[in-house]
Amino acid sequence: MSWETVIGLEIHAQLATRSKIFSGASTAYGAEPNTQACAVDLGYPGVLPVLNAEAVRLAVRFGLAIGATVAGRSVFARKNYFYPDLPKGYQISQYELPIVLGGNIHIVLDDGTEKDIAVTRAHLEEDAGKSVHENFDGESGIDLNRAGTPLLEIVSEPEMSSAAEAVAYMRTVHQLVRYLGICDGNMQEGSFRCDANVSVRPAGEQQLGTRTELKNLNSFRFVERAINYEIERQIDVLEDGGSVVQETRLYDSDRHETRPMRSKEEANDYRYFPDPDLLPVVIEKEYIETERAKLPELPEARRQRFIHSLGLGVEDASLLTGSRATADYYEALIASVGGEYKLAANWVNGELAAALNRDGIGIADAAGSPERLAGLLVRIIDGTISGKIAKEVFEAIWQGEGEADDIIEARGLRQISDTGKLEKIVAAVLADNPDQVEQYRSGKHKVLGFLVGQVMKATGGKANPGQVNQLLKQKL
Amino acid sequence: MALYPTDVRQIAHLARLEVSDDEIADYVDKLSQIIDLVDQLQQVDTGGVVPMAHPLDMSQRLRADEVSEENQRELFQRNASAVTDGLYRVPKVID
């Protein structure tokens with residue numbers, strides 16, 4: 001029998017606020033345990049939550065960016081369960097009336113297939129603390145610094161039909177939240193996390209199969225692997241005549257398997273009710289329009305513009321718009337290279353990307369500012385240096401040696417354009433290689449490449465290869 | 001009767017309340033009366049009425065995104081039964 005897969009994702013994005021969603025404690029990552037957990041975060045009696053305006057603004061920004069409806073009135077609710085990293089015994093979340101409703105994420109798969117994935121909703125909630133299980137001999141250690149960090153939970157419709165689509169969706173949302181500056185997207189630090197709801201059904205069947213929820217998917221690779229593992233597992237169960245149990249499963253990346261979570265299995269009855277400590281959140285139309293006007297150009301629109309207005313290929317355009325910082329860098333660069341968009345794209349996606357990758361730094365920290373790189377490209381365009389020499393100059397810029405022009409002068413890298421000088425070198429090369437000259441003259445024209453190489457070598461790469469070619473042919 | 005003893009046991013467990021076997025019947029009875037009252041209320045036609053999220057007819061005030069709390073770990077942890085290296089210690093929870 002052939003099977004089809006249905007996947008929906010719940011993404012948790014920590015919002016980039018300075019303070020927590022309901023308290024004035026810091027959200028900075030990596031502090032000493034429990035030094036950023038105040039009385040509100042700890043759930044002390046008598047404290048009251050006060051909503052952070054910036055968390056609301058960032059949620060609105062996301063809603064507008066995906067074409068969703070921003071609710072004029074949304075309500076916080078208590079989600080009740082017991083777990084040591086949740087001091088109050090409930091998480092403040094949104095249930096029936098979330099802040100963002102609907103919207104779409106446009107995904108592009110590696111094979112070029114495009115698809116729109118509908119977003120059901122996105123709601124504001126508070127993050128929980130963290131448990132540490134090592135070195136506590138039968139106990140757990142609890143750090144509540146993360147408790148109360150604002151989260152936007154983005155819930156998709158079950159519209160993805162493969163692990164590849166799920167990963168493409170997750171990557172697109174990841175790119176978008178960073179573009180919007182609403183989340184730093186740091187997956188190692190848990191700023192951007194994902195749960196996946198996975199089910200299978202016989203191909204063509206309308207009714208959904210029983211789903212399982214996969215937790216702990218903190219990298220794109222794990223999302224793909226965990227979903228693929230789970231699809232196989234469910235198909236095996238069904239083909240053996242069994243039935244899938246609706247449960248929460250944890251992905252174990254060391255063993256590459258999913259297994260049922262025990263502790264939360266009976267906690268699915270969360271008994272939500274409106275939080276009496278918080279009033280409905282009212283968002284005025286004018287506020288929404290002000291935020292709409294402040295949206296940057298979104299990645300997909302920018303990608304399309306790079307393809308259609310600048311004439312770049314799909315791959316170049318996708319790479320350049322992968323992050324807002326890269327796209328901004330590229331646009332600053334092309335401002336001064338006179339229409340050589342493709343050359344500029346090659347350099348950003350080639351040499352620059354390789355150097356950033358090698359040194360493990362982001363484009364914003366690159367030593368070669370767009371203006372500096374432009375200074376280099378201009379010298380390639382006007383023929384002062386060859387593409388090969390340009391790589392050497394780039395490396396020098398990267399090492400912080402200054403402007404391209406200064407480096408070219410200081411190192412004497414200017415191309416030899418003086419025909420007289422070049423003619424002498426060509427003559428010398430021909431005199432030194434009589435055998436090859438003979439071969440060429442007897443019709444073996446392939447040997448020209450060798451002679452060009454010899455001239456380039458003699459000039460230290462500073463000759464214009466086109467000019468050398470021409471001169472050699474004349475002399476031969 | 002709106003509730004069964006199994007419902008009461010389940011609700012008590014979710015709320016981490018200990019209810020002994022001889023108390024169950026009493027809770028079933030009293031909680032059922034509350035549910036019956038709600039059933040009665042549900043007969044009222046509320047079409048066109050916006051559900052009330054809060055008895056105060058006001059909207060939520062927002063605070064500026066500023067860090068205003070200092071580290072008071074030592075003070076708060078005086079209230080904890082067990083602490084090691086700044087972490088609260090609790091019976092093991094693992095998934």
Side-chain angles (χ1 to χ4, degrees), chain A residues 17-20 23-28 31-40 42 44 50-56 73 75-76 80-85 89 96-97 131-133 136 138-144 215-216 250 261-264 266-267 269 271 274 276 278-282, chain B residues 3-4 6-19 31 34-35 38 41 46 48-95:
Chain A
T17 57
R18 284 190 286 270
S19 65
K20 297 202 175 159
S23 83
S26 170
T27 55
E32 283 292 301
N34 293 307
T35 55
Q36 291 175 174
C38 72
V40 173
L42 295 172
Y44 267 73
V50 189
L51 183 59
N52 185 336
E54 184 66 0
V56 172
R73 180 172 173 274
V75 171
F76 283 100
N80 299 281
Y81 65 94
F82 285 93
Y83 208 71
D85 61 16
E96 287 174 313
L97 298 169
S131 312
V132 182
H133 304 297
F136 280 96
E139 295 188 306
S140 295
I142 306 292
D143 176 8
L144 295 168
K215 293 224 178 247
N216 204 25
L250 199 66
M261 273 172 92
R262 273 155 302 175
S263 62
K264 285 187 183 172
E266 50 194 357
D269 184 353
R271 294 148 294 139
L278 289 153
L279 290 154
V281 179
V282 172
Chain B
L3 287 174
Y4 292 97
T6 48
D7 298 321
V8 173
R9 286 200 178 88
Q10 169 69 1
I11 296 162
H13 174 70
L14 289 172
R16 299 296 186 272
L17 292 173
E18 192 179 337
V19 179
L31 289 172
I34 296 172
I35 304 275
V38 173
L41 286 172
T46 54
V49 178
V50 181
M52 183 180 71
H54 202 281
L56 294 179
D57 188 18
M58 294 165 70
S59 63
Q60 180 63 38
R61 289 186 57 175
L62 307 178
R63 45 168 263 276
D65 180 27
E66 283 157 13
V67 175
S68 55
E69 295 292 328
E70 289 171 7
N71 173 21
Q72 297 187 78
R73 183 172 78 179
E74 213 173 306
L75 175 70
F76 292 132
Q77 293 198 334
R78 265 186 240 158
N79 206 18
S81 55
V83 169
T84 298
D85 297 335
L87 294 162
Y88 294 93
R89 264 171 36 224
V90 299
K92 187 152 200 154
V93 278
I94 196 152
D95 293 312

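In what follows, chains carry the letters A, B, and so on, assigned in the order in which the sequence lines appear, proteins first and then strands, with residues in each chain numbered from 1. Only this structure's heavy atoms are used, side chains among them; waters, hydrogens and symmetry mates stay out. Remember, predicted model here, so these are calculated numbers, not experimental data.
Contact of the A/Leu42 side chain with the B/Tyr88 side chain is registered, since non-hydrogen atoms from C-beta on lie closer than 4.5 Å. Under the 4.5 Å side-chain criterion, counting only non-hydrogen atoms from C-beta, B/Arg73 is not in contact with A/Gln36. Using a 4.5 Å heavy-atom cutoff, the side chains of A/Arg73 and B/Val50 are in contact. No side-chain heavy atom of B/Ser59 sits less than 4.5 Å from a side-chain heavy atom of A/Leu279.
By number of non-hydrogen pairs under 4.5 angstrom with chain A, the leading residue of B/Glu69, B/Arg61, B/Arg63 is B/Arg63. If you tally non-hydrogen atom pairs under 4.5 Å between each of A/Val40, A/Val282, A/Val50 and chain B, the highest count goes to A/Val50. Among the candidates A/Gly89, A/Ala28, A/Cys38, the residue making the largest number of heavy-atom pairs closer than 4.5 Å to chain B is A/Cys38. The choice from A/Ala39, A/Ala37, A/Ser131 that makes the most heavy-atom pairs within less than 4.5 Å of chain B is A/Ala39.
Nearest heavy atoms, B/Ala53 versus A/Pro274: O-CB, 3.8 Å. B/Ala64 and A/Asn52 make their closest contact through C-OD1, 4.5 Å (heavy atoms, listed as atom of the first residue, atom of the second, distance). Of all the heavy atoms in B/Gly86 and A/Asn34, the pair that sits closest is O-ND2, 2.6 Å. Smallest separation of non-hydrogen atoms from A/Ala25 and B/Val67: C-CG1, 4.4 Å. The minimum heavy-atom distance linking B/Val90 with A/Pro84 is given by the pair CG2-CB, 3.9 Å. Scanning all heavy atoms of the two residues, the minimum distance from B/His54 to A/Leu278 falls at CD2-O, 3.6 Å.
A/Leu144 touches chain B through its side chain: at least one heavy atom from C-beta onward sits under 4.5 Å away, while N, CA, C and O do not. Looking at A/Val281, the atoms closer than 4.5 Å to chain B (heavy atoms on both sides) sit in the backbone and in the side chain alike. Neither the backbone nor the side chain of A/Ala31 comes within contact range of chain B, judged by heavy atoms closer than 4.5 Å. For A/Phe76, no part sits under 4.5 Å from any heavy atom of chain B, backbone or side chain. For chain A, no part of B/Pro55 is nearby; none of its heavy atoms comes within less than 4.5 Å. With a 4.5 angstrom heavy-atom cutoff, A/Ser23 touches chain B only via backbone atoms.
Put simply, the side chain of B/Asp65 never gets that close to the backbone of A/Glu54: no donor and acceptor are under 3.5 Å apart. A/Tyr81 contributes no side-chain N or O that, together with a main-chain N or O of B/Leu14, makes up a donor-acceptor pair within less than 3.5 Å.
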**OP:** Give the C-alpha distance, both sets of side-chain angles, the deciding distance and a yes or no for salt bridge (Lys or Arg N to Asp or Glu O under 4.0 Å) between A/Glu139 and B/Lys92.
**Re:** CA-CA 4 Å; A/Glu139 295 188 306; B/Lys92 187 152 200 154; over 6 Å; no
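With rounding to the nearest 0.5 angstrom, the CG atom of A/Asp269 is 11.0 Å from the NE2 atom of B/His13. Considering CZ of B/Arg89 and CD1 of A/Ile142, their distance stands at 12.0 Å, rounded to 0.5 Å.
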